[in-house]
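Computed over heavy atoms, backbone and side chain alike; hydrogens, waters and symmetry mates excluded. Remember, it's a predicted structure, so these values are computed and weren't measured experimentally. In the text below, chain A, chain B and the rest are named by the order of the sequence lines, each starting its count at 1.
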Amino acid sequence: MPHQAADWAAEVHEVHTVTTTGEARDRIERYNPTAIEPKWQERWADLRLYDTDLYDDSRPPFYLLTMYPYPSGALHIGHWYITTPTDAIARYRRMHGDNVFLPIGFDAFGLPAENAAIKNKINPRAWTSANMENMRRQLRTMGSTFAWRHEVVTCDPAYYRWNQWMFVKFLEKGLAYRSVSPVDWCPNDGTLAREQVEGVERRCWRCGAQVEKRELAQWYLRITDYADELLDFTGLDWPEPIRSMQTNWIGRSSGAEVDFESAPMLHHAGGEPIRVFTTRPDTLFGATFMVLAPEHALVSPLTAPDRRAEVEAYVAAAANKTEINRLSTDREKTGVPIGADAINPVNGERIPIFVADYVLGGYGTGAIMAVPAHDERDFAFAKAFDLPIIKVVMPRDGDPDEELTQAFTAHTIDEVMVNSGSFTGRPAAQAWHEIVSSLGDQGKGEQAVTFRLRDWLISRQRYWGTPIPVIHCTDCGPVGVPEADLPVLLPDEVDYRGSGDNPLTRDEAFLACSCPQCGKPARRETDTMDTFIDSSWYWFRYLSPHKNDGPVDSDLVRRWTPVNQYTGGAEHAVMHLLYSRFFTKAMRDLGLVHENEPFTKLFNQGQILGADGERMSKSRGNVQDPDELVSRYGADAVRLFLMFMGPWDQGGPWSPTGIGGVAKFLGRVWTLALDPHGREPADPLSGQLPAGETDALARDRIRAAAHRTLRDVSVDYEGFRWNTMVAKLMELSNTLARYRGSEVAGLPEWDEAIRMLLLMLAPAAPHITEELWSRLAEARGESWTSIHTEEWPRVDETAIVEATREVPIQINGKLRDKITVPAGITDIELEQIVRSRDKVVAAIGGAEIAKLIVVSGGKLVNIVLRG
RNA sequence: GCCGGAGUGGCGGAACGGUAUACGCGGCGGUCUCAAACACCGCUGGCCGAAAGGUCUUGUGGGUUCGAAUCCCACCUCCGGUACCA
């Protein structure tokens, strides 16, 4: 919505250049960020201040990684929201003596480049390169301390050849394999992504054609081999919600696989066995029907002739439904009987077989035994189709004949079996195992584990990605490209026909090759890799981006990884962050790296949405361009405002309201540092100490304020609580402003407080603090050293100690009074004072005190009255 | 649907189970100015009250507790992910 963007722009235009205050205008130069910022950015670059020496052993290494951007064209404010606080972490860690490595690069393969190529008839590489150039320029305006010499660009053959190299290793190890699976297919544009299929009609976003499912042979990585290891988060300092999402995504289920004999003809058993997976073998006696997924291989062979037409129609309809739709639990259950039965192996009973789309082909065995009494979806299906519901598990004191109104799924320890033949009366938890082992003895089943996680489909029928290094030979089948022949280069000039299908399939020069095994003419694989492959190991490559005899430098990997701190969006919770963990483990098993996990500590910042509350995107027209804000307010103000807006992990709709307040704060810091003796002509009390305050008291209060702020701000920095960090620095500057122009301004306590304020602000607002630091040094006749090489100040606890404190008094939990008491008072003394207060006595009246609670250390007193 | 998160003044938000609304924006009043802008100072959750003060208030409804924005249960709304966007 372009008009909304215009609204706030108008608002911004009304705010004018930041100036300093009052008569200071005549005494000192104004704070002008546009003059200061480029100067320091250049100076820092010249000094190679942030050019990390990866071999420096004198300081502890700190690998700080932030998710690299996709080169979409221009930075938006969301990039700043991720990146500038991360830069503040880097600067903060350096002030604590760490050797910080903060690299940056570009996730340069992917669909948007191809969409742009099709739409604008421009080469994806040219489009991507131009975007990267623009974004590099923008990134530099942040004043961020990236190690640019280590930049990684994934569409560079020097990078993607190692994707190919690792793929071939995975192929040799059996970790990569080929299998057939369905894709959403448009006759004009080929394979489509989920968001390219529009509406319930399922039409192609580009050409409007009807989208269908097509079965394609595609490449997979066996991430499921690592499923159990991926469930183990030992030693990782990751947010609980992310661990929980990954755990649920992997979805480990422990149960049994059981064979049901199929009985295609009436009164005849002896058909092929149908294997089902169940987490509840204890409910086998309650199975009253069976359900096959529409994709199940036995649907067609088992369907009775008179059922065939209906079953085939149902299967075809299911193919055009989305998985989200099929798994919906509040949707009306659908399905059709196929006209065949299955034999329950525990009691020999015949149960009808249905095909229904709530069972998925890709999960478990693609077939379930349905136990309506103890599964919600089976219950709903049984009700819809009027199938028997047999209760086989119940609470110990339950009634076996009571009719169920909903599925009983509690599955507690104290449950017993009913209606279950010889197992009736057994505790359900034990019967679970007894039934499995009994089936095992008969060769009809065994204990099994299944995962919701599926193997990683890495094939993309697209041009702009890493070519999968495989050659198809009519004799030898698919063969990996030998290491010596890598990289398989992506041709730059291809024939785009203005549609989304893969031009590599028409590129004869690319396709023609010979089989590495037998030498016969062969065809090259045209699928390229999922771009998540690129992002699954890029941080290893940052350490040695130009190394040309291997993907990683093992010496540097040993020194620098795992990454100490990773920052990026929570939208990557289950895909990128899981693939990266998998890749690290797979690379470990290739002997490339030594560790089990890629990122020791993770922080997910929230997402900045457009002003309309929607995700920022060019097509919605709700993208906020940071350049305009930077030219108006300066990079420091934009950085600080993004930190001040709210908790970093929250994000939210973008609104520039309030950036003026942050700019005003920086102007105030400028004035405090450069003009401590100036006064506010508009304030009659300016230059006087607050009423009743002596010199000595004022000096103590300045020190106390500075050191208390340091104590609290340090905690906020450690926890990335930027908004409260900035608020506390604002409070400190407000306190100092009250003393500006008075007799204590410029005294050692004042100077210390100013110095501390600048140091505390330096990681967040690096330019203004550097400028003020240099001017203060100059005023003292000292030579310049960067504030960003200074040490973080130390708290003097003795400065913070207070003589008195305030204690709130509650009656029945409601605030009724406040008293000021000496800091060292005992609880008993406190209680005596409280009881003698007029207000307290009046509030109690004639009531009886039931209890008097003094909260830990006398922080609060609550008087509870009886009745 | 499922998995994860969030809901507090006019707005962004603050608050180890213990004084709800810090800090900032906006608004109102003032100072400075020929005037304006900038800057600076003061006030600013609702209701009752002249005031002192009282009372209500953290999406909704319950619960636990001396005490709940915070913990528990149910629900509503919004955001992220849902395997080919990155």
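- Note: A:Gln650 CD to A:Gln607 CD = 13.5 Å, rounded to the nearest 0.5 Å.
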Close N or O pairs between protein and nucleotides 63-69 of chain B (under 3.5 Å):
{"residue": "B:C66", "atom": "O2", "partner": "A:Asn862", "partner atom": "ND2", "Å": "2.5"}

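- Evaluation of the ring-ring contact (aromatic ring centres under 6.0 Å, His included) rule for A:Tyr358 yields A:Phe381 as partners, not counting sequence neighbours.
- With rounding to whole Å, A:Ile533 atom CD1 is found 11 Å from B:C84 atom P.
- Relative ring orientation between A:Tyr579 and A:Trp456 is described as parallel, the plane-to-plane angle staying below 30° on a 0-90° scale split at 30° and 60°.
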Tabulate protein N/O versus nucleotide N/O from nucleotides 80-83 of chain B, keeping only pairs under 3.5 Å, one per line.
{"residue": "B:G81", "atom": "OP1", "partner": "A:Arg615", "partner atom": "NH1", "Å": "3.0"}
{"residue": "B:U82", "atom": "OP2", "partner": "A:Arg194", "partner atom": "NH2", "Å": "3.0"}
{"residue": "B:A83", "atom": "OP1", "partner": "A:Arg194", "partner atom": "NE", "Å": "2.3"}
{"residue": "B:A83", "atom": "OP1", "partner": "A:Arg194", "partner atom": "NH2", "Å": "3.3"}
{"residue": "B:A83", "atom": "N6", "partner": "A:Arg452", "partner atom": "O", "Å": "2.9"}
{"residue": "B:A83", "atom": "N1", "partner": "A:Arg454", "partner atom": "N", "Å": "2.9"}

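- In this structure, A:Arg462 reaches the bases: a heavy-atom distance under 4.0 Å links it to at least one base atom across the strands shown.
- Taking only distance into account, the side chain of A:Gln461 meets the base of B:C84 through a donor-acceptor pair shorter than 3.5 Å.
- Note: A:Tyr160 and A:Phe109 meet the aromatic proximity criterion, with ring centroids under 6.0 Å apart.
- A:Gln246 comes within 4.0 angstrom of no nucleic acid atom, judged by non-hydrogen atoms across all strands.
- Classified by its glycosidic torsion, B:G9 falls in the syn category, the angle being within 90° of 0.
- Spacing of C1' atoms, B:U65 relative to B:G12, comes out at 33 Å, to the nearest Å.
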Dump the pairs, protein N or O against N or O of nucleotides 5-14 of chain B, anything under 3.5 Å, distances to one decimal.
{"residue": "B:G12", "atom": "O2'", "partner": "A:Met645", "partner atom": "O", "Å": "2.6"}
{"residue": "B:G13", "atom": "O3'", "partner": "A:Asn723", "partner atom": "ND2", "Å": "3.3"}
{"residue": "B:A14", "atom": "OP1", "partner": "A:Asn723", "partner atom": "ND2", "Å": "2.6"}

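- Contact annotation for A:Val183: base contact, defined as any heavy-atom pair under 4.0 Å involving a base atom.
- In this entry the distance linking OH of A:Tyr363 with P of B:C3 reads 13 Å, nearest Å.
- The side chain of A:Lys728 places no N or O atom within less than 4.0 Å of a non-bridging phosphate oxygen (OP1 or OP2) of B:G24.
- Set against B:A22, B:C41, B:C84, the side chain of A:Arg668 has B:C41 as its closest nucleotide.
- Atom CG of A:Leu577 is separated from atom P of B:A86 by 16 Å (rounded to the nearest Å).
- We find that OH of A:Tyr463 is positioned 19 Å from C1' of B:C84, with the value rounded to whole Å.
- Rounded to whole Å, the P atom of B:G49 lies 30 Å from the corresponding atom of B:G42.
- A cation-pi arrangement is absent between A:Arg581 and A:Trp249 under the rule of less than 6.0 angstrom and at most 45 degrees off the ring axis.
- With both ends at atom P, the span from B:U82 to B:A20 equals 43 Å, rounded to whole Å.
- Taking atom P on both B:C76 and B:A68, the two are 26 Å apart, rounded to the nearest angstrom.
- For the OP1/OP2 pair of B:G4 and a distance below 4.0 Å, the side-chain nitrogens and oxygens of A:Asn248 include at least one atom meeting the criterion.
- A:Glu376 CD: 12 or fewer foreign heavy atoms inside a 6.0 Å radius.
- With the nearest nucleotide of RNA chain B identified for both A:Ala737 and A:Leu815, A:Leu815 has the one nearer the 5' end.
- Remark: A:His76 pairs with A:His79 by the ring-ring contact (aromatic ring centres under 6.0 Å, His included) rule, at least two apart or across chains.
- B:C71 sits 16 Å from B:U19 when the P atoms are compared, rounded to a whole Å.
- Contact annotation: A:Lys664 side-chain N/O to B:C25 OP1/OP2 distance is under 4.0 Å.
- Across all strands, A:Ser459 comes closer than 4.0 Å to base atoms (heavy-atom distances).
- In this structure, A:Ile659 places its CD1 atom 16 Å from C1' of B:C23, rounding to the nearest Å.
- A side-chain N or O of A:Thr66 and one of A:Thr567 form a donor-acceptor pair less than 3.5 Å apart.
- One P atom belongs to B:C40, the other to B:C47, and the distance between them is 31 Å to the nearest Å.
- The only option from A:Thr191, A:Asp527, A:Thr526, A:Asp530 that meets the side-chain hydrogen bond (donor to acceptor under 3.5 Å, both in side chains) definition with A:Ser459 turns out to be A:Asp527.
- Between B:U57 and B:A69, the two P atoms lie 10 Å apart (nearest whole Å).
- Between the side chains of A:Tyr68 and A:Thr154, no donor-acceptor pair of N or O atoms lies under 3.5 Å.
- For A:Asn131, there are no side chain to side chain donor-acceptor pair (under 3.5 Å) partners two or more places apart in sequence or in a different chain.
- For residues 647-659 of chain A, there are no salt bridge (Lys or Arg N to Asp or Glu O under 4.0 Å) pairs, not counting sequence neighbours.
- Between B:C56, B:C40, B:U19, one nucleotide has an atom nearer to the side chain of A:Glu680 than all others, and that is B:C40.
- Distance A:Leu732 CG to B:G24 P: 12 Å, rounded to the nearest Å.
- A:Thr724 meets the side chain to side chain donor-acceptor pair (under 3.5 Å) test with A:Asp716; sequence neighbours excluded.
- Nucleotides B:A14 and B:C23, compared at atom C1', are 8 Å apart to the nearest Å.
- If you check every strand for non-hydrogen atoms under 4.0 Å, A:Phe532 touches a base.
- Distance, A:Asp716 CG to B:A15 C1': 13 Å, rounded to whole Å.
- Residues satisfying the side chain to side chain donor-acceptor pair (under 3.5 Å) test with A:Thr224, not counting sequence neighbours, are A:Asp455.
- Note: A:Tyr538 and A:His576 have tilted aromatic rings, judged against thresholds of 30 and 60 degrees for the angle between ring planes.
- For A:Thr334, the side chain to side chain donor-acceptor pair (under 3.5 Å) partners are A:Tyr314, not counting sequence neighbours.
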**Fill in**
Writing each nucleotide of RNA chain B 5' to 3' as (, ), [, ], | or . by Watson-Crick or G-U pairing under 3.5 Å yields (((((((..(((.....[....)))((((((.......))))))((((....))))..(((((..]....))))))))))))....
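- Residues forming a ring-ring contact (aromatic ring centres under 6.0 Å, His included) with A:Trp722 (at least two apart in sequence, or on another chain): A:Trp648, A:Tyr717, A:Phe720.
- Using a 4.0 Å heavy-atom distance criterion, A:Asn325 is classed as making no nucleic acid contact.
- In this entry the distance linking CH2 of A:Trp464 with C1' of B:A86 reads 16 Å, nearest Å.
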